[in-house]
Amino acid sequence: MAAAVVAVLWACMMMMSLAPASLAASGFEEVPTIAFDEGFSPLFGEDNMVKSADGRTVSITLNRYTGSGFISSDYYHHGFFSASIKLPKDHTAGVVVAFYLSNGDVFEKTHDELDFEFLGNRYRHEWKMQTNVYGNGSTDRGREERYLMPFDPTADAHRFSILWHSRLIVFYVDGVPIREVPRTAAMGADYPSKPMALYVTIWDGSTWATDNGKYKVNYKRGPFTAVFSDLVLRGCTARSDIRLATTADDQDRCAAAEEDLMESDEYSSTMAMTARKRMAMRRFRQRQMLYTVCYDTNRYPEPFPECDVNMAERQMYWQWGESKVVRPRVRPRPGRRSKRRPSPEATAIPPPVLVSLQQAD
């Protein structure tokens, strides 16, 4: 009981310290947001979940007893899904915060999934961000990518979004696309196509999250709280039992809803992939991407069909897919200057540019 009270108090403090999230700053000012009770329900660890008075901000906490998470009340046939997220600060090794679409609770062996995963790190070391795409249980053909973030995700909330269309998947950070996965005939069933729900979780990933499990969660440094606001569920809801075959009426209804989204002002002004947005995406990937499956020839001698392989860019990656130039950075201790000469790894790239990604667009 005492531990639960501590977790609740800590979460309240985190929400009080959260700067009001701005959709305008993220480029999604025209996208309507919802309160928690309008579209979500607790998934697990409800005692470690705290909602603001207006229900538009939710914190979830990991402590030594449990993590926490919530799920959308409906499953969706495609759509746009988004949230502003503030991650736990200081020593967070082994902590995983996830914002993802999935139907794994229904289709255990043939599930679809679209992931944003945030991987904690040691004190003064940066969080890492990972995206992934699975279709029809294709977990043996992981399509993951990992990135640094050009801002401190523990200082302020930043907006993370997924557009899932029948022909295209796009991951966004603060309104800037960072990954585009076009649907191709060669992908076949690897393209996510069954209805999915939106999941938000925080949990203990000590076995793999930080340096392949070298650093575990240290609960003496907890609890660990992530804060979510500006929640968006914009899609066509599926029937209650998604195991049943989609009817012709459902197909027509959701095709019309998808067309409405693609023709909306919010899509054309914020989500549409223009030449300018693709330039911004390429800049982000050049500066922030640590690993891409598209250049991991050790695992996949032939790249996936959706990979946009650039031979000049390919030279910037090792054969196992890791970047030769983008390296994790270690932040200096507050108020202290190191007397030691910086290592080559620490000086391989410039310090992070702490500005809005939207300015690059």
Side-chain angles (χ1 to χ4, degrees), residues 23 26-41 43 56 70-83 98-107 110-116 131-138 159-172 175 177 179-184 187-200 228 230-273 306:
L23 280 171
S26 71
F28 289 122
E29 62 272 15
E30 297 184 34
V31 182
T33 63
I34 62 173
F36 180 89
D37 292 335
E38 294 179 274
F40 295 94
S41 58
L43 180 64
R56 292 185 171 272
F70 55 94
I71 184 175
S72 60
S73 303
D74 294 305
Y75 284 74
Y76 293 85
H77 292 278
H78 308 116
F80 180 76
F81 309 89
S82 186
F99 176 84
Y100 64 106
L101 293 160
S102 179
N103 48 37
D105 288 339
V106 179
F107 301 102
T110 59
H111 84 286
D112 306 294
E113 191 166 311
L114 297 172
D115 293 339
F116 266 117
T131 62
N132 214 332
V133 177
Y134 296 119
N136 202 39
S138 58
R159 174 158 284 277
F160 301 88
S161 312
I162 302 172
L163 174 66
W164 174 38
H165 186 272
S166 59
R167 300 185 298 273
L168 181 73
I169 296 163
V170 185
F171 296 85
Y172 305 83
R179 183 179 186 181
E180 179 182 17
V181 183
R183 187 173 194 169
T184 68
M187 288 185 72
D190 282 4
Y191 192 89
S193 57
K194 297 187 291 297
M196 293 191 283
L198 181 65
Y199 291 75
V200 176
F228 293 78
D230 291 334
L231 301 168
V232 174
L233 294 172
R234 179 79 158 82
C236 181
T237 57
R239 61 168 62 193
S240 56
D241 189 349
I242 65 171
R243 292 169 296 185
L244 299 177
T246 303
T247 65
D249 287 344
D250 281 341
Q251 290 176 348
D252 293 342
R253 175 175 59 87
C254 290
E258 187 175 63
E259 195 66 26
D260 287 345
L261 174 63
M262 303 302 278
E263 294 178 354
S264 66
D265 290 340
E266 64 212 60
Y267 177 82
S268 60
S269 62
T270 60
M271 306 175 205
M273 289 298 289
E306 70 275 13

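Between Tyr199 and Asp105 there is a side-chain heavy-atom pair separated by less than 4.5 Å. Contact annotation: the side chain of Leu233 approaches that of Phe40 to within less than 4.5 Å [non-hydrogen atoms, C-beta and beyond]. At a threshold of 4.5 Å between non-hydrogen side-chain atoms, the residues Thr110 and Lys194 count as touching. Proximity of Arg159 to Val232: side-chain heavy atoms (C-beta onward) are separated by under 4.5 Å at one or more points. Counting heavy atoms from C-beta outward, Ile162 and Phe80 have side chains that stay 4.5 Å or more apart. Residues Tyr134 and Asp112 have side chains not in contact (no heavy-atom distance under 4.5 Å, counting atoms from C-beta outward). Side-chain atoms of Tyr76 and Leu101, non-hydrogen and from C-beta on, never get closer than 4.5 Å to each other. Looking only at side-chain heavy atoms (C-beta outward), Arg167 and His78 stay at 4.5 Å or farther from each other.
In this structure, Met271 CE and Ser161 OG are separated by 8.0 Å, a value rounded to the nearest 0.5 Å. For the atom pair CG (Leu114) and CE (Met196), the distance works out to 4.0 Å, reported to the nearest 0.5 Å. To the nearest 0.5 Å, atoms CD (Glu38) and OG (Ser72) are separated by 14.0 Å. The distance from the CG atom of Leu198 to the OH atom of Tyr100 is 9.5 Å, given to the nearest 0.5 Å. Summarising the geometry, atom OG belonging to Ser82 is positioned 11.5 Å from atom CZ belonging to Phe228; distances are rounded to the nearest 0.5 Å. Put simply, CZ on Arg56 and CG on Asp37 are 11.0 Å apart, with the number rounded to the nearest 0.5 Å.
For Phe99, there are no ring-ring contact (aromatic ring centres under 6.0 Å, His included) partners two or more places apart in sequence or in a different chain.
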Could you go step by step and tell me if Glu306 and Tyr191 meet the side-chain contact (heavy atoms from CB on, under 4.5 Å) rule?
CA-CA 10 Å; Glu306 70 275 13; Tyr191 192 89; over 6 Å; no
Going through the checks in order, is the side-chain contact (heavy atoms from CB on, under 4.5 Å) test met by Phe171 and Val133?
CA-CA 11 Å; Phe171 296 85; Val133 177; 4.1 Å; yes
Take Leu231 and Thr33 through the test side-chain contact (heavy atoms from CB on, under 4.5 Å) and record every step on the way to the result.
CA-CA 5 Å; Leu231 301 168; Thr33 63; 5.8 Å; no
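When every heavy atom of Cys254 is checked against every heavy atom of Thr237, the shortest pair comes out as SG-O, 4.3 Å. Taking each heavy atom of Ser102 and Glu113 in turn, the nearest pair found is OG-OE1, 3.6 Å.
Among the candidates Asn103, Asn136, Ile169, the single residue satisfying the side-chain contact (heavy atoms from CB on, under 4.5 Å) test with Pro192 is Ile169. A side-chain hydrogen bond (donor to acceptor under 3.5 Å, both in side chains) with Ser166 holds for exactly one of Arg183, Glu258, His77; it is Glu258.
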